[in-house]
Amino acid sequence: MVKVRAARPAEAEDLTALVMRSKAHWGYDAAFLAACAPELRIRADDVAARRVVVAENGRGEVLGVASLEGTAPRAELGLLFVEPSAVGQGVGRLLYRDVLRRAVELGVRRLVIDSDPHAAGFYRAMGAVAVVAAPAPEAGDTALVRFAAAPVPLADWARAWTGGGRAVHLGNVGEFNAQFADATLDREQRPAHHYACLAAFYSPYPAALVLPRPVPRGWTELVCRQLGWTGVEVYDGLLDADPGLADAVRARPALAAQLTGAGLPLVPWGRTRQFGRLAGLPWRPEELRYEAKSAAHGLFGRILADGGHPRIVLPRQWRVDGRGAAARMLAARTRAGESTVVKSEHGVGGSGTTVLTPARVRAAGGAWAVLRRLPRGPLLVEEYVGFAASGAGEGPRDLTYDGFVDEAGHAHEVGGAVMEVADGCYRGATVGPGVVPAWAEKSLTAFGTAVGRELADSGYRGWFDVDFVADGAGRLAPTETNLRLTGPSIAFMVAARLDALRGAGHLVRIVDRVELGARLPEAQLDELCAALVRGCAELGAVFVPAIPTGAFEPAPWLGVLVAARSGEVLDAAEALVRAAARAVGAMFGPS
C-alpha cells in the first residue's frame, strides 16, 4: 500500500537523487541533466518551505516526490517525480491528487504546472488544462509545457448529501420499483438489477456497495481507480430472484450490524418499507405519493396557482376511467389533429409513456389498436407540448432539475441537466457548467426549488427531480417528479467527485445503454474498458463504466459515463465509446 507523507529534511539529498533519476528516465544526455541539477536540487531547508511530500510503500521505500509551492490564490506544482522503476504504478497519480487536495485546503484556486513535454500526457489525463500546447517530445527536448488546474472543494450540496463523509450505498432499485406494482416492468426485475450497479455512484465517495447480483471485480477496481476511491467494500450477489435487497441484508445479521453500526449514512436508490426497517428510519408511504404522475401534476398546478412562474406552462391532463374512455378521448384528439401523450400512473425512465401523433394513431389502426398494445393498468391522457425551435427556446427539448430534502426537512438545490429522451423514454443525461441554456436556467431552478419546498412540507426525505419539456418559445412544461435517485443524479455525483479530484469544470454524460457488438466474457470486458479509458484520456476525457452486467446478456449492452471540460470533447468521447462497442464483434468474435 503506497501512502503519502510529509518529507523530512534529512531526506533532501536522497530525494534530489530520485528527482535526477526520474528526469534521466526520459533519455536526456548528461550535459542537459547537469544544467538542470541546480534547479532540481532539494535542500534540507526547502522541505517545509516548498511543502514537499513523498510517496512511500509498505516497506518504507520512497517511490516519488512532489511539492506545492507559493501562496493562495495562485500556487505551483514545483516538483512531481517518480522513481523510474515505479512509473506506471499509480504513484504519480497519487501524488498529484494529494497536491490538489492540499491546494484546496490552502485556498488555492489556480495551480500552475510547468511540465516536461514527456509528462504532458500525464497531466492532461489528470485533468489539467494546457495553457501552452505541448510539442511532440523528442530526445533532448527542453521546452516546458504549461498547464493549469482549478482546485475546488467538494460541492456544498454533495457535502450536505452525506454529511461531508462517506456512505453505504444500497442498490435497491428492484425493491423500490416493486412497491408501485408498475405494469411496465417484468416480474423478475432483471433491468432493475442491472441498474443497481449505479449504486457505485450514489454519493461522490462510497465506503461500501451493497448489490443484488454479482458484479465483475475488474469493474469495481477500474471505477475506484478512475474516481480515486480506496477502501470501498463490495457486498454483491445477495439475491436470487426476490427484489427485496434490504430484507436480504437484514437476513444476514452480521452484515446488517456491520453496515448500520459504522455510523455512516445508508443511501438507497429510493425509500421503501424494507429500507426503513434496515436503516431504523420511520416509514411513511404517503411520502412517495408524488411519484405518481397524476399526483405530481396536481402538485405542479397548485404551485403555479400561486403565481411567480410566468415561463412555466402546465399541460392539461386527464385521468380516464377504463380503456374505452381513453380510446374515445384519443380518437377525438386525433380527429382534431392533436398529438397526445398517454402515460401509466407509474413508470421508470419513461416506461409507460407513449407519444401519439395523429399519423401514428392512424398507422396503428386507430385508437383502440394503439391502446391494446400499452401496459395494463390506469392510464393518464395528457396534451402534447409541441416544440418549434425559434428565438430563446432554441436548444434542448428535455431538461431536469435535481435536488434533495435532508433529514431535517431542508431542501437543497443540486442543479439542472439536459436529458436525451426518445419517444418518451429516457436514454441519458448531461450535467455541468453551461449545459442548461441561459434562457431556461432561472425558470427551471425557481420551479424546481418550489417543488422541493412542497416535498419537504409533505414529509418526503431524500433525492428528487422534476422533469421538463421545452416548448420552443422559451417556456418549460413540468411532466413528472421522481422521488429517488436517477441517471442525472448519478452524473451529478460523478461531476462533483471529478471536480474535487481533478479541478473544476467537468461536464459529465451518462449514457444508459451502449449496444455491444458481441456478448463478452468478463476478461474481455475488462480489456474493452481499459482500452476505452486510454482512448478517452488521449482525447482529454474520462471514461467510467457505469453498468457492466448488461455485457453478459444475450443482447449485450453497457452503461457508461464520460466526462470532459468541453462539449466537443464530450461528444468525441461518446462517439469513441460507441464505435468501440460496435466493433466488439470483430475484436472478440460472436459468442
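Residue Glu233 holds its CD atom at 5.5 Å from CD of Gln258, rounded to the nearest 0.5 Å. Taken from CE in Met493 to OG1 in Thr162, the straight-line distance is 8.0 Å, to the nearest 0.5 Å.
Residue pairs meeting the salt bridge (charged side-chain N to carboxylate O under 4.0 Å, His left out) criterion with at least one partner in residues 411-420, sequence neighbours excluded, are absent.
If you check the side chains of Glu382 and His297, you find no donor sitting under 3.5 Å from an acceptor. Using modelled atom types, one finds no donor on one side chain facing an acceptor on the other under 3.5 Å when comparing Tyr460 with Glu291. Using modelled atom types and a 3.5 Å distance limit, the side chains of Ser203 and His169 yield a donor-acceptor pair. Remark: the Thr272 side chain and the Glu175 side chain contain an N/O donor-acceptor pair separated by less than 3.5 Å.
Residues Leu399 and Arg397 fail the side-chain proximity criterion, which asks for heavy atoms closer than 4.5 Å. Under the 4.5 Å side-chain criterion, counting only non-hydrogen atoms from C-beta, Ile510 is not in contact with Phe201. Side chains of Phe447 and Leu476 form no contact here, defined as non-hydrogen atoms less than 4.5 Å apart. With a 4.5 Å cut-off on side-chain heavy atoms, Phe464 and Leu455 count as touching. A heavy-atom distance below 4.5 Å is found between the side chains of Tyr205 and Thr230. Using a 4.5 Å cut-off on side-chain heavy atoms (C-beta onward), Arg217 and Thr220 make contact.
In this structure, Arg273 has no side-chain hydrogen bond (donor to acceptor under 3.5 Å, both in side chains) partners at least two apart in sequence or on a different chain.
Using cut-offs of 30° and 60° for the angle between ring planes, the Trp269 and Tyr202 rings count as tilted.
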